[in-house]
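Single-structure report; data block below.
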Amino acid sequence: MAKRVLTAALAGLLMITGLAVTAPTAAADSAPTVKPPMGWSSWSFVRKNPTAAIIEAQAKAMKDSGLTRLGYQYVNIDDFWYQCPGAQGPNVDQYGRWVIDSTKFPAQGAKSGIQATADYVHSLGLKFGLYMTPGIAKQAVEQNTAIEGTPYHAADIATSYNEANYNCGGMVGIDFTKPGAQAFIDGWAKQFASWGVDYLKLDGVGTQDIQDVQAWSEALRNTGRKIHLELSNNLDINNAKAWQDLADGWRTGGDVECYCGANDSSFPLTSWASVASRFDQVADWAPYGGPAGFNDYDSVEIGNGANNGLTLDERKTQLSLWSLAASPLFLGTDLTHLDPTDLSLLRNEDVLAVDQDGIDAKRISGDADTQVFAKKETNGDVIVGLFNTAAAPARRVDHCRRAGAAAGRRLLAAGPVEP
């Protein structure tokens, strides 16, 4: 069967179809103070082998490419930065906190390997992010490590409930009714702040972890350092109010990666099916996103051409949908080998302005062949995104153009579409 041809709204070029309106300066003019974060994350491409050298090279490439001038500013290490000797879970220090894998992130004098990497990222004018999961390591419980600054120990606060640490395992829950529980999280948050962490991804979060999220939210605030708290993944929409109250962003679904590369290769990074699954997520979660906290549809797999796993139209579609949804834009690609065409998509300021307005688009209509999303700017402008998901190479958009013109605003589309 021939691969489907996808038509995307918005990305790549910003084409005004029949309306006497220029590019969306209004979106930038009305952008909120708090905007969806943008940057790069290690998981999609680097996966299990982050090192200081790799992270620093990606940070430098992001700056050298000109992406940082457009708002891409975070460089985030995902999983596998800590020692994981086996099924017993992460190795821990004297206070029950994960121990840095010093073979990947060697210390530099008195600086830990993570702090040294964060310092390099900061030296480029960028921000630094790190990964962890809820709970306390089983090794901490077995060693009954002290809780810093208290008379309590790990066994005083641990439960027998197994927490989700997807790759290392070996984490159990925390009983937050017990004295010392909040202090344990406080101590960890202070350590992250001392390392220079600006963004924390808390992975494996479920409904059962609301108290963990609350503890982390409080602990990060109390560090005195501004640290973005992102929750992952497949967050329950029925608890959207809790995520809004406690975090700065939340993953609405599973991983966008396809995990379909030969011999465990990162490439291809994703598939059209993974991207297309977000249409319904964007529609369902639209009421819950905004400047107080953003719906996160996972990594943007644009940057490495065919290695992304998407056709050019499919790549345009991903950036279009994420931008209409005001999603965080975190690249999962190898920034040291950027494809020129992909780079032009990522540097499209008109498209980025649509994302950075912080306004979630609503689905106007959708069926097996067509998706239409729209959002209204604070100045009254309306941005409409048209998606042709049919196998046919082109579809007529007369009715959508008239709808946009009737609103007196902008219609955004990328070919192939018929006027």
Side-chain angles (χ1 to χ4, degrees), residues 11-12 37-81 101 103-105 113-114 117-118 120-121 123-131 167 199 201 203 232 255-272 274-275 296-319 322 327-348 351-352:
M38 300 167 60
W40 176 86
S41 179
S42 68
W43 182 252
S44 295
F45 168 64
V46 179
R47 298 275 169 88
K48 300 178 181 179
N49 299 297
T51 66
I54 289 172
I55 301 305
E56 291 175 9
Q58 295 293 325
K60 186 175 187 301
M62 192 165 80
K63 186 175 180 66
D64 291 348
S65 68
L67 290 173
T68 59
R69 293 193 299 272
L70 300 172
Y72 297 87
Q73 60 178 331
Y74 286 93
V75 175
N76 294 349
I77 304 174
D78 205 272
D79 206 354
F80 290 99
W81 60 266
D101 187 337
T103 61
K104 295 177 177 179
F105 298 94
I114 294 296
T117 303
Y120 177 81
V121 170
S123 76
L124 299 178
L126 305 175
K127 296 183 178 180
F128 175 77
L130 202 59
Y131 170 102
N167 296 300
Y199 179 111
K201 175 181 173 181
D203 201 8
S232 179
D255 291 354
V256 76
E257 295 83 8
C258 66
Y259 303 111
C260 55
N263 301 317
D264 203 31
S265 170
S266 298
F267 295 134
L269 296 173
T270 190
S271 66
W272 165 241
S274 294
V275 172
D296 183 349
Y297 300 103
D298 207 7
S299 296
V300 176
E301 309 295 20
I302 299 172
N304 299 142
N307 279 333
N308 300 316
L310 303 171
T311 67
L312 179 57
D313 277 338
E314 289 168 352
R315 301 200 290 277
K316 291 178 179 180
T317 294
Q318 187 187 24
L319 189 58
W322 267 236
S327 174
L329 300 180
F330 280 90
L331 308 179
T333 42
D334 178 5
L335 303 185
T336 66
H337 293 87
L338 283 169
D339 172 82
T341 299
D342 280 8
L343 181 58
S344 70
L345 300 183
L346 298 174
R347 295 175 66 174
N348 189 314
V351 175
L352 297 181

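- Taking the side chain as every heavy atom from C-beta outward, V256 and W43 never approach each other to under 4.5 Å.
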Query raised in the report: When you look at D101 and T103, which way does the side chain to side chain donor-acceptor pair (under 3.5 Å) test go after all the steps?
Result: CA-CA 6 Å; D101 187 337; T103 61; 2.5 Å; yes
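- For the residue pair S41 and N76, no side-chain donor N or O sits within less than 3.5 Å of a side-chain acceptor on the partner.
- Judged by distance alone, the side chain of D342 and the main-chain N or O of I302 form no donor-acceptor pair under 3.5 Å.
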Requested in this report: In sequence, state the C-alpha distance, the side-chain angles, and the governing distance for W272 and T317, and then conclude on side-chain contact (heavy atoms from CB on, under 4.5 Å).
Outcome: CA-CA 10 Å; W272 165 241; T317 294; 3.9 Å; yes
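- Contact record, W40 with G332: NE1-C, 4.3 Å, taken as the closest heavy-atom pair.
- Each of F128, F330, Y131 was compared with Y199 under the ring pair (Phe, Tyr, Trp, His ring centres under 6.0 Å) criterion, and only F330 meets it.
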Requested in this report: Take I77 and F105 through the test side-chain contact (heavy atoms from CB on, under 4.5 Å) and record every step on the way to the result.
Outcome: CA-CA 11 Å; I77 304 174; F105 298 94; 3.7 Å; yes
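- In terms of heavy atoms, L352 sits closest to Y72 at CD2-OH, 3.5 Å.
- Expressed to the nearest 0.5 Å, how far CG of D255 lies from OG1 of T270 amounts to 9.5 Å.
- At distances below 3.5 Å, not a single donor-acceptor pair connects side-chain atoms of Q73 with backbone N or O atoms of K127.
- Annotation: side chain of T336 is not in contact with side chain of F45 (no heavy-atom distance under 4.5 Å).
- Checked by atom type and distance alone, the side chain of N304 pairs as donor or acceptor with a backbone atom of D334 at under 3.5 Å.
- A distance of 6.5 Å separates CG in L70 from CZ in R347, rounded to the nearest 0.5 Å.
- One finds the OG atom of S299 at 10.5 Å from the CG atom of L329 (value rounded to the nearest 0.5 Å).
- Using modelled atom types, one side-chain atom of N348 and one backbone atom of V351 make a donor-acceptor pair closer than 3.5 Å.
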Requested in this report: For L343 and L67, run side-chain contact (heavy atoms from CB on, under 4.5 Å): C-alpha distance rounded to whole Å, both residues' side-chain angles, the deciding distance at 0.1 Å, then the answer.
Outcome: CA-CA 9 Å; L343 181 58; L67 290 173; 4.0 Å; yes
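- With contacts defined as side-chain heavy-atom distances shorter than 4.5 Å, the pair D79/D203 does not qualify.
- Contact of the Y120 side chain with the K60 side chain is registered, since non-hydrogen atoms from C-beta on lie closer than 4.5 Å.
- At distances below 3.5 Å, at least one donor-acceptor pair connects side-chain atoms of K104 with backbone N or O atoms of F80.
- In this structure, the separation between OG on S44 and CZ on F267 is 10.0 Å, given to the nearest 0.5 Å.
- At least one side-chain heavy atom of V75 sits less than 4.5 Å from a side-chain heavy atom of M62.
- Using a 4.5 Å heavy-atom threshold, the side chains of L124 and T68 count as separate.
- Between R47 and S266, the closest heavy-atom pair is CG-OG, 3.6 Å.
- Annotation: side chain of T117 is not in contact with side chain of W81 (no heavy-atom distance under 4.5 Å).
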Query raised in the report: After noting the C-alpha distance and the side-chain angles of N308 and Q318, does the key distance pass the side-chain contact (heavy atoms from CB on, under 4.5 Å) rule?
Result: CA-CA 11 Å; N308 300 316; Q318 187 187 24; over 6 Å; no
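- Contact detail for P268 and G261: the closest heavy-atom pair is CD-CA, 3.8 Å.
- Here the CG-CG distance, from L310 to L319, works out to 11.5 Å after rounding to the nearest 0.5 Å.
- With hydrogens and angles ignored, the 3.5 Å screen pairs a side-chain donor or acceptor of W322 with a backbone N or O of D298.
- Not a single donor-acceptor pair under 3.5 Å links the side chain of S271 to the backbone N or O of C258.
- Using a 4.5 Å heavy-atom threshold, the side chains of E257 and S274 count as separate.
- With rounding to the nearest 0.5 angstrom, the CZ atom of R315 is 6.0 Å from the CG atom of D339.
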